[in-house]
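Any value given below was found using the heavy atoms of this structure, including those in side chains, with hydrogens, waters and symmetry copies removed.
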Amino acid sequence: ANELKTYRACASEEVRTVKQICIQERLAGLVGVLKVQLGMSREDLTRQSANVFGFTRLTPLVNSAFTDAIDYGLATGALVEKDGKITLCE
């Protein structure tokens, strides 16, 4: 009930730091990517989602932040992982 449904994608030169993006917003970005891609490996989903927010390099901090968002989505039931693919919960 306390889930964020929208996110602010990077649309300009002004990129927020990953620490400025709450886990719920990162999860909303993951969901947006999965609505288009349907199912992805954890690594590809992390990279694609980070790119939505303007991160072109997957530094350890950025990787950790988006991996945490995937784990959060799995824990809350928003995402499911099966056969190495992350998908939206049906």
Roughly how far, to the nearest 0.5 Å, is CG of Leu45 from CG of Leu30? 5.0 Å
Closest heavy-atom pair, Ile23 versus Ala69, reported as atoms and distance to 0.1 Å, is CG1-CA, 3.9 Å
Note: Ala78 and Leu27 closest approach over all heavy atoms is CB-CD2, 4.3 Å
Considering all heavy atoms, the nearest Glu25-Phe53 contact: O-CZ, 3.5 Å
One should read off an interatomic distance between Leu34 CG and Thr87 OG1, to the nearest 0.5 angstrom, of 7.5 Å
Test your reading of the model: is there a side-chain donor-acceptor pair from Ser49 to the backbone of Thr46, 3.5 Å cut-off? no
Atom pair OG1/CZ of Thr67 and Arg26 - distance to nearest 0.5 Å: 10.0 Å
Applying side-chain hydrogen bond (donor to acceptor under 3.5 Å, both in side chains), which residue pairs with at least one partner in residues 27-42 are found, sequence neighbours left out? Ser41-Asp44, Arg42-Asp71, Arg42-Glu81
What closest approach, in Å, do Cys89 and Gly77 show between heavy atoms, and which atom pair accounts for it? CB-O, 3.0 Å
Are any of the side-chain heavy atoms of Phe66 and Val18 separated by less than 4.5 Å? yes
Working for side-chain contact (heavy atoms from CB on, under 4.5 Å), residues Leu79 and Leu88: CA-CA 5 Å; Leu79 307 175; Leu88 296 174; 3.9 Å; yes
Tell me, do Phe55 and Ile21 make a side-chain contact under 4.5 Å, heavy atoms counted? yes
Rounded at 0.5 Å granularity, tell me how far CD in Glu43 sits from CG in Asn63. 8.5 Å
State which residues pass side chain to side chain contact (heavy atoms under 4.5 Å, CB included) with Lys19; sequence neighbours excluded, sorted by chain then number. Thr17, Leu61
